[in-house]
Structure formats: structure tokens, C-alpha cells
Student: 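Sharing a structure here in C-alpha cells format.
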Amino acid sequence: MEEVRVRFPPSPTGYLHIGSARTALYNWLFARKHGGKLVLRIEDTDTERSTEVSEKAIIDGLEWLGIDWDEGPYRQSDHLDEHKGSSGRLVADGKAYLCFCTKEELDERRKAAEAKGEMFRYDGTCRSVSIEEREKRLMAGDPFVVRFKVPDGGGSVVFDDVVLGRIEVSHEEIEDFVIVRSNGLPLYILSNAVDDHRDRITHVIRGQDHVTNTPKQVLLYEALGWPLPRFAHMSLTLDPKKAKISKRRHGEVVAVEWYREHGFLPWGFANFIALLGWSGGDDREVYLSREELVQVFTLEGLTRANAVFNYRKGDPKFITDPKAIHINGEHIKNMPLGELVPHARAALEKAGMWDDAWAGAKAGWFEKTVDLLRQRYNLLTDFATLGRPYFSDHFEMEDKAVKKNLRKDAALEQYLPMLADELAAIEPFDLEGTEASVRGLAERLGVKAGLLINAARAAVTGQTVGPGLFDILVILGREKCVVRLRNAVGFI
RNA sequence: GUCCCCAUCGUCCAGCGGUUAGGACGCCGGCCUUUCAAGCCGGUAACACGGGUUCGAUUCCCGUUGGGGACGCCA
């Protein structure tokens, strides 16, 4: 069987956004699934807009997501001669022709057509330019573009799309499209096809925004005598108002970079992205490892209908699609602890809360703490925000915790120091010991254990939520607990 | 406007002629009572409409409506 070869050809004109990342991911998945190759090709022929900064941003994004490629990055601009050569061949074969119509007059005709509510389509005026006239105008230095000569007659272009099925477009619907600009530079429609052929691409997996130029490229392949790759046009990702997502309209949330900054695990985010327009055919949604997804991935699982990226701007609770947050949480909760620890460390480092001892003498403690906390966290940043009381002595006493749990009973002013004294003395300071101590004190005091438990949680973490109190006490250790319990009196 | 594509809960998906139309997120409620932004349990909520085909349509066909995409000497 022929080797599967796919490609991801970003144009370096921005950052890596969700839609592109999804395209890259599906291509990567497909290549891995079939033991094929993924080619990264930078389509930088739009010199006006291409930038190196953008190229780097895109590559960084791919690397962060763990999408690696087998060949490249190639660069479209390195093959200009080849693109021009193909165009020359087409002209020589009479399958393309020189068009001397100027952009200005075409624009005018286009505008006129639009005014009448019609669509302008090039009428083939220059098809009839004689060889003599052509030479004359060439000698005169008249500017020209190269146009592909779409077959006349009642024929049509047909291709079978892996996700959309058979698509047929009649020749009449396709104008004689430009393949080389008047400045001599080839256009995407040509370059892209030439590059795909040279790179021996077997499957073109791209967004549905490309379906309309597929017939044109099919015509190009046929005219050049090249075998057709398989086409798979994946659905697009829209915003809740059904508009294509873009940085301009939606801001940073559509950039992959944003997710790295906001506590997403690379693969947790990739897992979410994969689900936007694809399903394994069952109800499974969480794929903790790349291998698991690779195994079940098929092009047939791609959805035909566009997917809405459910982001509500300005929602304080959900900074992005709630499902993205949930899936990330599933990964944090269930991934191998050893894989999570470095991510938790990075989050703390970024917040300036990291202590080198946690990678040395206290490595065991750090792991245990991460393991304890991850059960209720969804984002890596939670370790530095919600987790602050566990890693630092400088944390806020939440208003809610003070009011609800510390000021619940004025007597707590006496109880908390009493508890501190108890905990200072018990031996050993473990789960059983601390629990016996707290419950014992409550009993002697004649109060519900919950009163002391919730007050103690508020005292040592400043929060109303968190792990079970005795887990917290043991993780924090005797000294911190005693000190915080005593300090809490000041808040009552 | 023209061409192409699409159409199941608010959102993401399952379904591929006969199902009480399933799961997930979100939302609501309950349990746990050592809290919850944790966990468990439950609830809410969908086949766009109209014609066919068929014993039987969410499923197949046609149309309508709705949505999206493309219509550049951008990629």
C-alpha cells in the first residue's frame, strides 16, 4: 500500500489559531494512524503579509501542542521556479493563456456587475489573442497575467470528497482563473497544487473554505497530467453567532497561545479541539494519551456540519468554552501524576511561588500535594491561585470563609487556640491523630465537629472549599497549622 | 445575487428504516453533612418545515426555510 503523506501548509500571517490547530491536529492524527508522514510547508508567497514572527508563533504553537512533523518546514517561496515552470508548460500546451486585461478595467467591470447584483466572471476575452498580437504586446512590454483555460462545452469537474461525498461542478461555473500575477509570481491555487504534487501528498485534509477552489485544482492536476490526491474537507469552527472565528473579532481566546497562558495542558486542549467536529463513533470524549486518540481516529469520523466554539465573551465563570475547561480538568484529574507534576511546577514558577526544595528534599511532599489538589482543579493556573495557601504563607483570607466559618460562633476565638495547642502536642501528627484531636475537642466542648472542622479549614487555607480537613492539616504540617490557627483569631 | 456545503437538546457529539432518540458540557435539584468550584444520584432540554418512498421514517429522495462557505493579480 502507498505511504500516506499529508501536509499542514499555514500561511505565516498571524498566530496559530484554533481552526488551524484543528487542521494540523487532524492531519497529524491521520499521519500517525497510518504510519505516514506529515509535511510542514510554510506558504509564504504572500510577501505583503508574511512575517517571520508569525512563522515562529505558528511553529511554537504546533510544538506546544505536541504536533510534530516528519518533513519541513519547507517554504513555498523556495519553489517559485517550479511553479512558474508548471505555468509555462500549461501555456505551451495551450491549456493556459496570457491575459492582457488590466486589473483596473477588470475591477471596474466587477464593480459594475456587482451594482447590478450579479457576479462578475472573466469572459475569456484574451483567449482569442492571436500569437502575433501576443508577441507584439510582449515586445511592447504590456503587463499580463496567466489564466487557466477552463474547458468549454457542457462538461463538469467531479471529485469524491472523503467527508462530503461526490461533488460536481460544471465548467460553466468556473471562470478562467489567474494562476500567475502580472508581476510574474504564481498564485496559491497553482503553487499549492504544484507543491502537493512534488511533496507526493496523498490526502489533502483542509477546511471546507477550500471546497470551491478544489475543482480548479482538480483541473490543474488533470491538465498537468498528475494523479489526484484524496480530498477531505473538514467542517469549520464558528462562534456562537455562527461567524468564522477570528482574532480580530474574538481576541486572544482563539489563539492557541492563549490556552498555554491560561493553564491548559497541551494535550488536554488538543483533546478538546479534536472533539470540535470529530467523533470516534461512540460516546467517548476523554483521551488521556495521544496514542489512544491516534488509535481510534478516522477521517470518516469527521462531522459534515460546522461546529460552534461556545465561547461567551465576558463570562466571568467560563473564560472560554466550558467544555474545553472540563476536558482539561479531566486530564488534570486523571493523567499520570508524574506527568502532571512538571506542569504544576511550571505554573508555580510562573507565579513566582516555586521553591527548589520541592524538586529535591521535599519532592515527595510536592507530589502528594499536587495529587491531593488536582481532584478539584481544572486549570494548571489553579495551582497558583486556588492552591496558593498550600504553597505559600502569603495568602488571602477570603471574605466568605471569614464570615461563614470563622465568625459563625464567637467562641471560636477560644476554640481555635485550644485546637492549636492540641495539634502542637499530638503524636503522631497524621490523619488519624489530627482527626481524633479535632473530634475529641469538639466533644469535650459540646459542639458539632463540623463547626471546628470548617473553622479550621478557613483558618489554615482562608477558603471555604478544598480537600478534607485532615488531609489539609497533614499536608500543611504541624507548624503551619498551629501558627495559622492562632493567627485566625484576629479575623473573628 | 451565483455556485457549493450543512441541518438531532443552549453547545459538542452518537444514531446510519422499527430506540422510552443516547452521552458529554452547561443549567436545576437531591445525597454526602467535613466544606465544595469535589464526588455520587436525578431532572431540564432536540430530530427546522412540507411533500414523497416504505408496513414503518430522525434515518432514504425532492422541495422550502434557516445557517455556513466561496466568488481577489490573498492563502
Side-chain angles (χ1 to χ4, degrees), chain A residues 9-13 43-46 48-50 76 99 102-103 106-107 110 113-114 116-121 143-147 161 163-165 167-170 172-175 177-183 185 187-189 191-192 207-215 233 235-236 238 240 242-244 272 275-286 301 303-312 317-318 321-327 329-330 333 375-378 382 386 401 404-405 435 438 448-450 452-454 456-458 463-472:
Chain A
S11 59
T13 55
E43 304 215 321
D44 57 351
T45 43
D46 182 349
E48 298 283 298
R49 300 191 302 152
S50 296
Q76 190 160 62
C99 171
T102 67
K103 189 171 186 190
L106 253 24
D107 281 348
R110 197 181 340 265
E114 268 169 27
K116 281 191 289 182
E118 291 166 4
M119 196 213 48
F120 172 71
R121 201 176 288 152
F144 64 89
V145 298
V146 180
R147 284 183 187 273
D161 191 275
V163 349
L164 264 18
I167 292 178
E168 181 168 357
V169 179
S170 95
E172 293 164 22
E173 296 298 334
I174 309 171
E175 70 171 347
F177 53 94
V178 178
I179 55 179
V180 178
R181 300 174 173 94
S182 54
N183 64 6
L185 294 176
L187 281 144
Y188 162 83
I189 197 85
S191 306
N192 179 260
Q208 279 182 18
D209 46 349
H210 285 286
V211 303
T212 44
N213 56 43
T214 305
H233 287 97
S235 62
L236 269 18
L238 275 22
K242 299 287 177 68
K244 241 169 94 171
F272 165 71
L275 260 21
L276 232 42
W278 175 86
S279 119
D282 54 21
D283 290 331
R284 182 151 181 216
E285 298 194 308
V286 178
T303 322
R304 272 154 292 278
N306 293 336
V308 170
F309 173 63
N310 197 19
Y311 155 67
R312 281 110 57 181
K317 187 169 177 190
F318 297 108
D321 191 317
K323 198 149 188 175
I325 296 172
H326 175 259
I327 298 269
E330 288 298 307
K333 293 171 177 71
Q375 236 18 263
R376 51 214 349 119
Y377 289 173
N378 290 317
D382 289 340
L386 298 172
K404 187 179 160 197
N405 294 329
E435 176 155 15
V438 174
K448 283 178 72 175
L452 289 186
I453 288 170
N454 291 327
R457 178 180 296 103
Q463 299 171 352
T464 56
V465 304
L469 177 70
F470 310 114
D471 284 308
I472 296 177

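Residue numbers begin at 1 in each chain, while the letters A, B, ... track the order of the sequences.
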Student: His233(A) near the nucleic acid: base, sugar-phosphate alone, or nothing, with a heavy-atom cut-off under 4.0 Å?
Tutor: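 The answer is nothing, as His233(A) stays clear of every strand by at least 4.0 Å.
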
Student: Roughly how far apart, to the nearest Å, are U54(B) and A46(B) at atom C1'?
Tutor: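 Nearest-Å result for U54(B) against A46(B) at atom C1': 25 Å.
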
Student: At under 4.0 Å between heavy atoms, what does Ser182(A) touch on the DNA or RNA strands: base, sugar-phosphate, or nothing?
Tutor: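 Base, at least one base atom sits under 4.0 Å.
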
Student: Check this for me: does any side-chain nitrogen of one of Asp382(A) and Arg376(A) sit under 4.0 Å from a carboxylate oxygen of the other?
Tutor: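 No, no charged N to carboxylate O under 4.0 Å.
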
Student: State the pairing partner of C40(B); accept Watson-Crick or G-U wobble contacts with both distances under 3.5 Å, and report none otherwise.
Tutor: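 C40(B) is paired with G30(B).
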
Student: Without hydrogens or angle criteria, can the side chains of Lys404(A) and Asn454(A) be said to hold a donor-acceptor pair below 3.5 Å?
Tutor: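 No, no side-chain donor-acceptor pair sits under 3.5 Å.
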
Student: Keeping Arg457(A) on the side-chain end and Asn405(A) on the backbone end, is there a donor-acceptor pair under 3.5 Å?
Tutor: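 Side chain of Arg457(A) to backbone of Asn405(A): no pair is present.
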
Student: In whole Å, what separates the C1' atom of C31(B) from that of U20(B)?
Tutor: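 Rounded to whole Å, the distance is 26 Å.
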
Student: Given C73(B), U35(B), C6(B), identify the nucleotide with an atom nearest to the side chain of Val145(A).
Tutor: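 Of the options given, the side chain of Val145(A) lies nearest C73(B).
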
Student: Between U2(B), G39(B), C3(B), spot the one nearest the side chain of Arg121(A), thanks.
Tutor: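 That would be U2(B).
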
Student: Could a donor-acceptor pair under 3.5 angstrom be found where the side chain of Arg49(A) meets the base of C74(B)?
Tutor: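 Between C74(B) and Arg49(A), which were checked side chain against base, a qualifying N/O pair under 3.5 Å is present.
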
Student: Which part of the nucleic acid, if any, lies within contact of Asn378(A), taking any heavy atom under 4.0 Å across all strands shown: a base, the sugar-phosphate backbone alone, or nothing?
Tutor: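 If one applies the 4.0 Å heavy-atom cut-off, Asn378(A) turns out to touch nothing in the nucleic acid.
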
Student: Quick one: label Thr303(A) by what it contacts on the DNA or RNA (base, sugar-phosphate, nothing), any heavy atom closer than 4.0 Å.
Tutor: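 Counting heavy atoms under 4.0 Å across all strands, the contact made by Thr303(A) is with sugar-phosphate only.
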
Student: Evaluate the side-chain proximity of Asn192(A) to Glu43(A): yes if any heavy-atom separation is below 4.5 Å, no if none is.
Tutor: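 In contact.
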
Student: Classify Pro467(A) by what it touches in the nucleic acid, base, sugar-phosphate, or nothing, heavy-atom distance under 4.0 Å.
Tutor: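 Counting heavy atoms under 4.0 Å across all strands, the contact made by Pro467(A) includes a base.
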
Student: For the side chain of Val169(A), starting at C-beta, report the closest nucleotide among C4(B), U35(B), A70(B).
Tutor: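 Given the options C4(B), U35(B), A70(B), the side chain of Val169(A) is closest to C4(B).
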
Student: Quick one: on RNA chain B, does Glu43(A) or Leu469(A) contact a more 5' nucleotide (nearest heavy atom)?
Tutor: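 Taking each residue's closest nucleotide, the earlier one in sequence belongs to Leu469(A).
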
Student: Taking any heavy-atom pair under 4.0 Å as a contact, classify Arg457(A): base, sugar-phosphate, or nothing.
Tutor: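 Base contact.
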
Student: Could you work out the separation of G66(B) and G30(B) based on their P atoms and round it to a whole Å?
Tutor: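 The answer is 43 Å between these two P atoms.
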
Student: Is it true that a side-chain atom of Glu285(A) and a backbone atom of Leu275(A) form a donor plus acceptor pair closer than 3.5 Å?
Tutor: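 No.
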
Student: Quick one: Glu285(A) CD to C25(B) P, roughly how many Å, whole number?
Tutor: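 Whole-Å distance recorded here is 7 Å.
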
Student: For G10(B) and U44(B), measure between their C1' atoms and round to the nearest Å.
Tutor: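 Nearest-Å result for G10(B) against U44(B) at atom C1': 12 Å.
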
Student: What's the closest nucleotide to the side chain of Asn310(A) if the choices are C12(B), G10(B), A70(B)?
Tutor: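 Nearest to the side chain of Asn310(A) among the choices is G10(B).
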
Student: Counting the atoms with a prime plus P, OP1 and OP2 as sugar-phosphate, which does Leu106(A) contact under 4.0 Å by heavy atoms, base, sugar-phosphate, or nothing?
Tutor: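 Counting heavy atoms under 4.0 Å across all strands, no contact is made by Leu106(A).
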
Student: Of Val178(A) and Val163(A), whose nearest nucleotide on RNA chain B comes first from the 5' end?
Tutor: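 With Val178(A) and Val163(A) compared, the 5'-side residue is Val163(A).
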
Student: Could you state the CG-C1' distance from Asn454(A) to U35(B), rounded to the nearest angstrom?
Tutor: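 Result: 5 Å.
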
Student: Starting at atom CG of Asp382(A), determine the distance to atom C1' of A37(B), rounded to an integer number of angstrom.
Tutor: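 Computing the Asp382(A):CG to A37(B):C1' distance gives 9 Å.
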
Student: Ignoring the backbone of Lys242(A), work out which of U35(B), G72(B), G68(B) is nearest its side chain.
Tutor: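 Nearest listed nucleotide: G68(B).
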
Student: With a 3.5 Å distance limit and no angle check, can you tell me whether Asp321(A) reaches the backbone of Asn310(A) through a side-chain donor-acceptor pair?
Tutor: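 Indeed, once roles are kept as given, a pair shorter than 3.5 Å links the two residues.
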
Student: Taking the same atom, P, in C47(B) and in A21(B), what whole-Å distance lies between them?
Tutor: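 Pairwise P distance, C47(B) against A21(B), rounds to 12 Å.
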
Student: Side-chain N or O of Arg110(A) versus OP1/OP2 of G72(B): is the shortest distance under 4.0 Å?
Tutor: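 For G72(B), OP1 or OP2 has a side-chain N or O of Arg110(A) closer than 4.0 Å.
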
Student: So, does Asp161(A) use its side chain to make a donor-acceptor pair with the main chain of His233(A) at under 3.5 Å?
Tutor: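 Checked: pair present.
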
Student: I want to check one thing: is the phosphate of A75(B), taken as OP1 and OP2, less than 4.0 Å away from some side-chain N or O of Arg181(A)?
Tutor: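 Yes, because at least one side-chain N or O of Arg181(A) sits under 4.0 Å from OP1 or OP2 of A75(B).
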
Student: NA contact type, Ser50(A), heavy-atom cut-off 4.0 Å: base, sugar-phosphate, or nothing?
Tutor: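 The residue Ser50(A) makes no contact with any strand.
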
Student: Donor-acceptor pair under 3.5 Å: do we get one between Lys103(A)'s side chain and the base of C73(B)?
Tutor: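 When only heavy-atom distances are counted, Lys103(A) does not reach the base of C73(B) through any donor-acceptor pair under 3.5 Å.
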
Student: Just call it for Gly280(A): base, sugar-phosphate, or nothing, with non-hydrogen atoms closer than 4.0 Å on any strand.
Tutor: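 Contact class for Gly280(A): none.
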
Student: Send over the distance from Leu164(A) CG to A7(B) C1', rounded to a whole Å.
Tutor: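 It is 13 Å, rounded to the nearest whole Å.
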
Student: Quickly work out the Asp283(A) CG to C13(B) C1' distance and round it to whole Å.
Tutor: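 Result: 8 Å.
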
Student: Could you state the CG-P distance from Leu276(A) to C25(B), rounded to the nearest angstrom?
Tutor: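 After rounding, the gap between these two atoms is 16 Å.
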
Student: Quote, to the nearest angstrom, the C1' distance that separates A7(B) from G43(B).
Tutor: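 Here A7(B) and G43(B) have their C1' atoms 28 Å from each other.
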
Student: Under 4.0 Å between any heavy atoms, over every strand shown, what does Gly466(A) touch: base, sugar-phosphate, or nothing? Just pick one.
Tutor: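 Base contact.
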
Student: Quick one: label Lys448(A) by what it contacts on the DNA or RNA (base, sugar-phosphate, nothing), any heavy atom closer than 4.0 Å.
Tutor: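 Here Lys448(A) touches no strand at all.
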
Student: Heavy atoms only, 4.0 Å cut-off, all strands: where does Val308(A) land among base, sugar-phosphate and nothing?
Tutor: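 Since only primed, P, OP1 and OP2 atoms lie under 4.0 Å of Val308(A), the category is sugar-phosphate.
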
Student: Any base atoms under 4.0 Å from Gly450(A), or only sugar-phosphate, or nothing? Heavy atoms, all strands.
Tutor: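 Here Gly450(A) touches the backbone only, sparing every base.
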
Student: With a 3.5 Å limit on both atom pairs, tell me what A70(B) is paired to, counting Watson-Crick and G-U wobble, or say none.
Tutor: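 Paired with A70(B), as far as the under-3.5 Å criterion goes, is U2(B).
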
Student: Could you tell me the separation between the CG atom of Asp209(A) and the P atom of G72(B), rounded to a whole number of Å?
Tutor: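 Whole-Å distance recorded here is 15 Å.
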
Student: Taking only the P atom of each, what is the distance from U59(B) to U8(B) in whole angstrom?
Tutor: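 Approximately 12 Å lies between the P atom of U59(B) and that of U8(B).
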
Student: Provide, to the nearest angstrom, the distance between the CE atom belonging to Met119(A) and the C1' atom belonging to U2(B).
Tutor: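 So the CE-C1' distance, Met119(A) to U2(B), works out to 6 Å.
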
Student: Among C27(B), C12(B), G69(B), which nucleotide has an atom closest to any side-chain atom of Phe318(A)?
Tutor: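 Nearest to the side chain of Phe318(A) among the choices is C27(B).
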
Student: Considering only C27(B), C36(B), G26(B), which nucleotide approaches the side chain of Val465(A) most closely?
Tutor: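 Among the listed nucleotides, the one closest to the side chain of Val465(A) is C36(B).
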
Student: Give me the one residue out of Glu330(A), His326(A), Lys323(A) that meets side-chain contact (heavy atoms from CB on, under 4.5 Å) with Phe272(A).
Tutor: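 Single pass found, and it is Lys323(A).
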
Student: Where do Ser235(A) and Gln208(A) land on the side chain to side chain donor-acceptor pair (under 3.5 Å) test, with the steps shown first?
Tutor: CA-CA 6 Å; Ser235(A) 62; Gln208(A) 279 182 18; 5.4 Å; no

Student: Identify whether any heavy atom of Gln76(A) sits under 4.0 Å from a base atom; if not, whether one sits that close to sugar-phosphate; answer base, sugar-phosphate or nothing.
Tutor: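 Contact class for Gln76(A): sugar-phosphate only.
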
